[in-house]
Q: 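First the structure, which I've put down as structure tokens, then a few questions once you've had a look.
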Amino acid sequence: MTQAKGAAETSSTMESILDEHRHFPPSKVFSNGAHIKSIEQYEAMHKRSIDEPETFWAEIADQLHWFKKWDQVLDWRLPDAKWFVGGSTNICYNCIDRQIDAGLGNHTAIIWESEPLENGQPEVRKLTYYDLRREVSRFANGLKKLGVQKGDVVTIYMPMIPELAIAMLACARIGAVHSIIFGGFSASAIRDRVEDGKSKIVITADGGWRRGKIVPLKDNVDEALTLTDLVETVVVYERCKNNIVMADGRDHWWHEVISTASEHCPAEEMASEDLLFILYTSGSTGKPKGIMHTTGGYMVYTYLTSRYTFDLHETKPDGNGGAENGDVYWCTADIGWITGHSYIIYGLLPNRVPTLMYEGAPDFPEKDRFWDIIERHQVTKFYTAPTAIRAFMKWGREWIDKHDISSLKVLGTVGEPINPEAWMWYHKVIGNEKCPIVDTWWQTETGGHMLTPLPGATTTTPGSCTRPFFGIDAAVVNSEGEEVSTNEGGILVVRKPWPSMLRGIYGNRERFLETYWSKIEGCYTAGDGARKDENGNFWIMGRIDDVIVVAGHNLGTMEVESALVSHEAVAEAAVVGFPHDIKGTGIAAFVTLVGGIEETDELKAQVRNHVAKELGPISKPDKLRFTPALPKTRSGKIMRRLLRDIAAGREITGDITTLEDKSIVEKLQQNSD
Ligand code: PRX
């Protein structure tokens, strides 16, 4: 192992997560204005949230609107948790009406930017809480007219336009269960989800814009519906005016559905444990799992995590007739992912902070799309993924320097481990060394943030998602369930229930028990490996199935990847194991180079040696293959099982329908090690 390098960093400095000793405490100015101002305050509150969860969560739930208060905060019968039992509420009411009741109806709820039009300018729509209630109520009444009832599963397959938010909130308003499918998925994904959820209605659009092209959403739905005959009704929003076929009796235009619908639709009283939505997430094997989230606990937890993780502040009167500007929040995810569900809509709106959603892509029409949006809307809190950050690094800082992004105050990251190089770049180039970075670890299943810094309280370290959120009792254990010692790798578990935990896998109790509750007795297992350092900070080491055992040594793929990208020629890297005659498992690295650098055998050797030098010879990749890009799913995750097949010289067997760019597979196969 190399020595810690302290604060010195050049692109060729080893920044292995095991060696990371840089610490970034929040500034005094930031802490003073924050909800949670110090680590002592965090620790005291965290202790209380674990020792007295019922009083802790009751106080938080009290901040929101309930038609009827609960009788019992928590009913825990392992592995089933019920929260706010006996209470009734409506999350749509809490997202919209509660703000209107407080006199904020004219405040902005959602800011939307279209993909730039032909003149290069985007269309911008701002919806106040009044606008949102009107549109949501009209569509909710339209759904009722089409026969949708409380408890029905409504499939939504839409582009990133306000109507996607309106459709989901309309479902929540009338108690229908939405099942949102990411607009980048294909017909077979729609068919699978419709059938699994037994959904009779699909809401879609004619198309959506992405990089100047139309994504043919309605055509995809039509194709899916040739494969299943469950669906009786399709509602189509007219977005791109592309040619589509409307099936008589089955298909209805959105504008016609709402044309005669009333603007008043009371929010249904939902029992706290009524199902709110299903969201499919892929498992390591088999068909996707329909993760179930219910109403009360999910609402309370996403509200609180949004508030504290991003330190959200609403616009308030300043006492002199003016207003103190509050936050403008932007999460770049698609609503089709859990990140969009929890941290564009459901957790954000109850916090009375405008939430921005955008249509399109970060590099269209130019690679400064994000910085342009931030500058024009004066975004203060920004939430994106490591894969995007690494793309920005590759494109170069000149795209950022064209804009004034000094409005930014907190930067968030989610979705995969962030390598320290990318963290430092985010900190310096985007945050100008003044914005706390919140590296949030969580999952579709957890509903909300589980391990995360709180920006006014936590001292951060590049690559660590730091400490558990309130109410989260996380630990790193061995296969017997015993806590491992400091800095030792193990299995990440959660030992106590939390309000937004998944309530099951739709229609598959066995798989729910087997996947999450059978590995370590009494604990939720997330499927991630982790370690905890001497400061109590957690470090995610990747999925447990990403850990490779080379000649008897446990190596986190993340660690080797970090070493690879610390070489100045390397832009991005992915590492997998492959069957090796001598070692059992060998290390195969797939590497993309920084733009303009030539792929030579000499460079290959240099990069491999670089890893050996930084991590020790055991970690030196046995094979290294250059590739123009890594195979990623549409949510930006590297598809490792595909790389494993390629590294092993096997035929690719698994499903690759979720791959963003399928041509990569061919290119990968052509290149040699
Ligand atoms: O492996 C972890 C990784 O993403 C998984 C969850 O994926 P998904 O359900 O699609 O949700 C993504 C958005 C919450 C986790 O099991 N992951 C997510 N966030 C992080 C992460 N790994 C390391 N650091 C993170 N901040």
Side-chain angles (χ1 to χ4, degrees), residues 17 20 180 182 184-185 278-284 288-293 298 301-302 305-306 309 331-344 346-347 383-390 411-420 422-423 426 437-453 458 460-469 472 474 476 489 491-494 500-502 505 515-516 519 524-531 537-547 556-559 561-562 632-640 658:
I17 54 168
E20 185 53 65
I180 303 184
F182 171 55
F185 282 153
I278 311 170
L279 183 61
Y280 286 84
T281 178
S282 45
S284 42
K289 303 171 280 195
I291 303 301
M292 303 200 296
H293 283 290
Y298 175 82
Y301 196 78
T302 54
T305 44
S306 301
T309 304
C331 164
T332 67
D334 191 288
I335 286 178
W337 307 115
I338 191 68
T339 307
H341 281 56
S342 300
Y343 297 112
I344 297 181
Y346 287 130
Y383 195 27
T384 196
T387 179
I389 297 168
R390 287 193 293 267
L411 304 176
T413 147
V414 58
E416 54 180 317
I418 177 163
N419 51 299
W423 196 103
Y426 202 25
I437 291 186
V438 287
D439 175 359
T440 60
W441 176 85
W442 58 296
Q443 307 174 295
T444 306
E445 293 87 337
T446 68
H449 300 152
M450 301 295 279
L451 300 171
T452 178
T458 314
T460 54
T461 298
S464 168
C465 51
T466 72
R467 310 273 287 261
F469 192 77
I472 303 306
V476 181
I491 302 166
L492 180 59
V493 297
V494 186
S500 66
M501 65 199 287
L502 80 162
I505 295 177
T515 312
Y516 306 108
K519 312 245 163 32
Y524 169 82
T525 42
D528 282 340
R531 73 185 170 89
N537 286 333
F538 285 80
W539 300 76
I540 303 296
M541 297 167 81
R543 301 293 300 168
I544 287 170
D545 47 18
D546 289 345
V547 171
T557 49
M558 166 70 187
E559 203 188 326
E561 285 162 9
S562 271
K632 288 190 188 156
T633 63
R634 311 236 179 194
S635 60
K637 289 199 204 311
I638 295 167
M639 203 181 260
R640 288 169 199 281
T658 56

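Just so it is clear, the structure is predicted and the values come from calculations on it, not from any experiment. Numbering of ligands and ligand atoms starts at 1, following listing order. Counting from 1, the numbers follow the sequence of the chain as shown.
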Q: Give me the nearest non-hydrogen protein atom to atom 12 (C) of ligand 1 as residue plus atom name, then the distance to 0.1 Å.
A: Lys637 NZ, 3.9 Å
Q: Under 4.0 Å, heavy-atom basis, I'd like to know which part of Ile418 is in contact with ligand 1: side chain, backbone, both or neither.
A: neither
Q: Need the ligand 1 atom indices (1-based, order shown) with element for anything under 4.0 Å from a heavy-atom of Val414.
A: 13 (C), 14 (C)
Q: Suppose we screen for side chain to side chain donor-acceptor pair (under 3.5 Å). Which residues come up paired with Asp528, at least two apart in sequence or across chains?
A: Trp441, Arg543
Q: Using the rule ring-ring contact (aromatic ring centres under 6.0 Å, His included), only one of Trp442, Phe185, Tyr343 pairs with Trp337; which is it?
A: Phe185
Q: For ligand 1, is any non-hydrogen atom under 4.0 Å from Glu416's backbone (N, CA, C, O), its side chain (CB onward), both, or neither?
A: backbone
Q: Measuring from the heavy atoms of Gly415, does anything fall under 4.0 Å of ligand 1?
A: yes
Q: As a test of understanding, state which of Thr466, Thr440, Ile540 forms a side-chain contact (heavy atoms from CB on, under 4.5 Å) with Leu451.
A: Ile540
Q: Please write down residue, atom name and distance for the protein heavy atom closest to atom 23 (C) of ligand 1.
A: Pro417 N, 3.1 Å
Q: Nearest heavy-atom pair of Ser500 and Thr446: which atoms, and what distance?
A: OG-O, 2.7 Å
Q: Would Lys289 and Thr515 count as having a side-chain donor-acceptor pair, cut-off 3.5 Å?
A: no
Q: Can you tell me which residue and heavy atom of the protein come closest to atom 6 (C) of ligand 1, and the distance to 0.1 Å?
A: Trp442 O, 3.7 Å
Q: Closer than 3.5 angstrom, by distance alone: can the side chain of Thr525 be matched with the main-chain N or O of Gly527 as a donor-acceptor pair?
A: no
Q: Among all residues two or more places apart in sequence or in another chain, which pass the side-chain contact (heavy atoms from CB on, under 4.5 Å) test with Ala388?
A: Thr384, Phe392
Q: Are Tyr301 and His293 side-chain neighbours, meaning at least one heavy-atom pair lies under 4.5 Å?
A: no
Q: Examine the proximity of ligand 1 to Cys465 and report which part, side chain or backbone, both or neither, has a heavy atom under 4.0 Å away.
A: neither
Q: Taking 4.0 angstrom as the limit and counting only heavy atoms of Thr339, give me the atoms of ligand 1 inside it, by number and element.
A: 13 (C)
Q: Check each atom of ligand 1 against the heavy atoms of Thr444 and keep those under 4.0 Å away; list them by number with element.
A: 8 (P), 9 (O), 10 (O), 11 (O)
Q: Polar contacts were defined as any N/O atom of the residue lying under 3.5 Å from an N/O atom of the ligand; does this apply to Thr413 and ligand 1?
A: no
Q: Apply the side-chain contact (heavy atoms from CB on, under 4.5 Å) test between Tyr298 and each candidate in Met292, His341, Met501; give the one that qualifies.
A: His341
Q: Could you find the nearest protein heavy atom to atom 1 (O) of ligand 1 and give me its residue, atom name and distance?
A: Asp528 OD1, 2.8 Å
Q: Which of the atoms in ligand 1, numbered in the order shown and given with their element, are less than 4.0 Å from a heavy-atom of Ile540?
A: 22 (N), 23 (C)
